[in-house]
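Beneath this line is the structure, given in structure tokens, with notes to follow.
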Amino acid sequence: MSNRPTKFMRETLTIKTGHVLPPDTNHHGTLFGGKLMADIDDTASIAAARFARYPVVTASTDSVDFIKPIRVGDAVTLEAMVTYTGRSSMEVFVKITAEHLLTGEKSIAALSFLTFVALGEDGKPAEIPLVVPETDQEKWLNETAKKRAEHRKSRKKDSEELAQFFSE
Ligand SMILES: CC(C)(COP(=O)(O)OP(=O)(O)OC[C@H]1O[C@@H](n2cnc3c(N)ncnc32)[C@H](O)[C@@H]1OP(=O)(O)O)[C@@H](O)C(=O)NCCC(=O)NCCS
């Protein structure tokens, strides 16, 4: 039985809401993918640091699925939560919702999973608490995380091989 400290998933919930302004949009009048990705990384890193209470670095970002365009004038909300913990790594789930402020219509615009690693004072990966899910959605996210972690491991191996190939 592990005697690592635990924290509830809900304690890591990090929410950021803002207007989509013209400088952040492309010529279609929709939010730049790159701007959204930067916001996803920022919000997720706060959830991870809140959980670990250590400095954290992004180890990987899974594909961001852009489901619906986010239009200029919409409110965009990012909700991030730590969903799974290894020894030093954390998976963070981010849900992005667009809201048309005049009609109140809301839709999920994108979803993303990222992995952060906590670094100790020596700059090496540090042990973090275990995350505990409570609701059905949280349990689903936690139980399905191992499979996503396996995909990441094999992708990392592929990337390392590719880096080796291109450095020759
Ligand atoms: C992420 C990093 C700290 C991992 O260091 P490392 O020497 O590979 O450490 P380890 O092999 O011991 O792995 C440490 C943890 O990271 C996880 N990890 C490493 N690379 C990963 C990846 N690409 N995706 C997901 N998890 C990863 C490991 O599974 C391990 O998890 P665990 O402790 O929960 O079991 C290191 O690769 C790094 O510093 N990368 C650059 C980070 C960066 O600059 N980010 C952008 C700016 S924040």
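Counting convention: from 1, in listed order, for ligands and their atoms alike. Keep in mind the model is a prediction, meaning the values are calculated, not measured.
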Examine the side chains of E91 and T115 and answer whether a donor and an acceptor come within less than 3.5 Å of each other.
no
What part of K156 sits under 4.0 Å from ligand 1 if we count only heavy atoms: the side chain, the backbone, both or neither?
side chain
Ligand 1 to T115, heavy atom cutoff 4.0 Å, flagged ligand atoms 25 (C), 26 (N)
Any cation-pi pair here, K7 with F51, using under 6.0 Å and within 45°?
yes
Polar atom proximity, T58 to ligand 1 (N or O, under 3.5 Å):
yes
Do D158 and S154 have a side chain donor and acceptor closer than 3.5 Å?
no
Given S88, P125, A126, which one has a non-hydrogen atom that is nearest to atom 15 (C) of ligand 1?
S88
Distance-only N or O hit between ligand 1 and S60, under 3.5 Å:
yes
Could you tell me whether some N/O pair between S89 and ligand 1 is separated by less than 3.5 angstrom?
yes
Nearest protein heavy atom with distance in Å, relative to atom 21 (C) of ligand 1
A59 CB, 3.8 Å
M90 pairs by side-chain contact (heavy atoms from CB on, under 4.5 Å) with which of I128, V131, L114?
I128
If only side-chain N and O atoms count, and only distance matters, is there a donor-acceptor pair under 3.5 Å linking R148 with T144?
yes
